[in-house]
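A short write-up of the structure that comes next.
Every value quoted in this text rests on a predicted model; they were computed, and no experiment measured them.
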Amino acid sequence: MGQELPVIAVRGLTCRYGSHTVLEQIDLEVRAGEIFALVGSSGVGKTTLLHQLIMLDAPAAGSIRLFGEEVVGLGAEATDRLRRRIGVMFQQGALFSSLSVFDNVALPLREHTSLAEATVRDVVALKLALVGLPCTSGALYPAELSGGMRKRVAVARALALDPDLLFLDEPSAGLDPVNAGDMDTLIVQLRDSLGLTVVIVTHDLDTLCRATDRAAFLDGGRIIGFGPVATLSRDPHPLLQAYFNGPRGRAVAGRE
């Protein structure tokens with residue numbers, strides 16, 4: 001049997017804003033069923049790459065294939081069809097403050113399906129349960145939620161249409177250590193129970209070590225390291241050594 005096609009395959013991806021090159025010659029693959037991280041410090045191009053992968057922006061050059069289908073130059077109807085197969089949790093959750101938790105999670109269902117309202121209620125209750133929230137939380141508004149709850153509601157909304165591929169932008173950012181650990185555990189549980197492929201944008205070393213299978217480490221718009229955390233931690237590149245084997249990296253790994 002042939003090798004299974006990657007869920008995401010990127011070749012020679014270059015992104016520019018005016019004369020400024022943000023990403024240059026990016027190559028990567030994400031396998032079905034893995035939790036893959038885009039890692040690096042702020043401003044290195046992680047979120048820009050995310051926007052390319054979820055088809056919000058078009059690259060200056062290169063190829064992006066999702067589920068084996070080229071998305072660069074894809075028409076609007078085909079792009080919408082592919083977007084139905086992905087879910088996105090944006091940084092800080094990006095919940096609509098004027099909508100209740102229930103209506104935030106229900107929004108994709110109301111916009112993209114013709115489900116009866118009773119079915120929408122059932123689906124929303126299920127998605128909230130999947131992320132560890134009681135159905136009673138549906139009556140609350142984002143301003144009434146803790147940071148950890150807002151993140152979970154955003155994940156529930158990203159799962160509303162039963163995606164095959166889930167993107168999470170800084171899922172543990174701004175959370176205390178306990179809630180950050182709980183979020184990492186939730187990500188792994190969702191991958192395992194739903195059979196998802198997950199891409200995480202992060203600079204959090206704890207999340208990287210606890211929740212991911214492989215990672216691409218970005219700096220200056222390029223990938224300078226690629227592979228499992230154990231492989232990256234042995235890479236002689238000075239930035240990778242500082243990240244994985246500095247004081248913080250040694251503490252996370254239990255070497256201090």
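Each of Leu218 and Leu168 belongs to its own hydrophobic cluster when Ile, Leu, Val, Met, Phe, Trp and Tyr are linked at side-chain heavy-atom distances under 4.5 angstrom. Side-chain heavy atoms closer than 4.5 Å link hydrophobic residues (I, L, V, M, F, W, Y) into clusters, and following such links, possibly through other members, connects Leu196 to Val123. A continuous path of Ile, Leu, Val, Met, Phe, Trp and Tyr side chains, each step under 4.5 Å between heavy atoms, connects Val198 with Leu161, placing both in one hydrophobic cluster. The hydrophobic cluster containing Leu190 also contains Met149, counting ILVMFWY residues as joined when their side-chain heavy atoms lie under 4.5 angstrom apart, directly or transitively. Linking Ile, Leu, Val, Met, Phe, Trp and Tyr whenever their side-chain heavy atoms come within less than 4.5 Å leaves Leu107 and Val88 in two separate clusters.
Taking every heavy atom of both residues into account, Phe96 and Asn104 meet most closely at N-OD1, 2.9 Å. Closest approach of Ala32 and Thr197 over heavy atoms only: CA-OG1, 3.4 Å. In this structure, Leu13 and Pro59 approach most closely via the heavy-atom pair CD1-CB, 3.2 Å. Residue Ala154 comes nearest to Met89 through the heavy atom pair CB-CG, 3.4 Å, listed as atom of the first residue, atom of the second, then distance. Taking every heavy atom of both residues into account, Cys209 and Val229 meet most closely at SG-CG1, 4.1 Å. Taking every heavy atom of both residues into account, Val120 and Arg110 meet most closely at CG1-NE, 4.4 Å.
Legend: residues meeting side chain to side chain contact (heavy atoms under 4.5 Å, CB included) with Ala215, ordered by chain and number and at least two apart, are Ala37, Val39, Leu208, Leu232. Contacts of Phe36 classified as ring pair (Phe, Tyr, Trp, His ring centres under 6.0 Å), with partners at least two apart in sequence or in another chain: Phe226.
The closest donor-acceptor contact from the side chain of Tyr243 to the backbone of Gly40 lies at 3.5 Å or more, if one exists at all. Between the Arg84 side chain and the His112 main chain, a donor and an acceptor come within less than 3.5 Å of each other. At least one donor-acceptor pair under 3.5 Å links the side chain of Gln241 to the backbone N or O of Ser233. A donor-acceptor pair is defined here as one N or O able to donate and one able to accept, closer than 3.5 Å; no such pair exists between the side chain of Glu29 and the backbone of Val10.
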Verdict with supporting geometry, Asp162 and Lys127, salt bridge (Lys or Arg N to Asp or Glu O under 4.0 Å): CA-CA 9 Å; Asp162 296 326; Lys127 303 307 178 183; 2.4 Å; yes
side-chain contact (heavy atoms from CB on, under 4.5 Å) evaluation trace for Val199 with Leu38: CA-CA 7 Å; Val199 176; Leu38 302 174; 4.2 Å; yes
From CA spacing to verdict: side-chain contact (heavy atoms from CB on, under 4.5 Å), Met55, Ile64: CA-CA 9 Å; Met55 298 170 283; Ile64 303 171; over 6 Å; no
Arg214 and Leu28: CA distance, side-chain angles, deciding distance, side-chain contact (heavy atoms from CB on, under 4.5 Å) verdict: CA-CA 11 Å; Arg214 294 189 305 148; Leu28 63 85; over 6 Å; no
Ile200 vs Ile35, side-chain contact (heavy atoms from CB on, under 4.5 Å): CA-CA, chis, key distance, verdict: CA-CA 7 Å; Ile200 301 175; Ile35 300 175; 3.6 Å; yes
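The distance from the CG atom of Leu109 to the CZ atom of Arg157 is 12.0 Å, given to the nearest 0.5 Å. Between the CD1 atom of Ile8 and the CD atom of Gln52 there is a distance of 12.5 Å, given to the nearest 0.5 Å. The CG atom of Leu5 lies 12.0 Å from the CG atom of Leu66; values are rounded to the nearest 0.5 Å. From Thr231, atom OG1 reaches atom CZ of Phe244 across 10.0 Å, with rounding to the nearest 0.5 Å. A distance of 6.5 Å separates OG1 in Thr47 from CD in Glu170, rounded to the nearest 0.5 Å. Annotation: the span from Asp176 atom CG to Ser146 atom OG amounts to 9.0 Å, rounded to 0.5 Å.
Between the side chains of Thr207 and Thr202, no donor-acceptor pair of N or O atoms lies under 3.5 Å.
The list of side chain to side chain donor-acceptor pair (under 3.5 Å) pairs with a residue in residues 65-79, not counting sequence neighbours, reads Ser63-Glu70, Glu69-Arg81.
No more than 12 heavy atoms of other residues, nucleotides or ligands lie within 6.0 Å of CZ in Arg16, so this atom counts as exposed by the packing criterion.
Put simply, the side chain of Phe167 does not reach to within 4.5 Å of the side chain of Asp169, judged on heavy atoms. Contact check for Asp206 versus Ser172: no side-chain heavy atoms found under the 4.5 Å cut-off. The side-chain heavy atoms of Ile223 and Asp27, taken from C-beta on, include no pair separated by under 4.5 Å.
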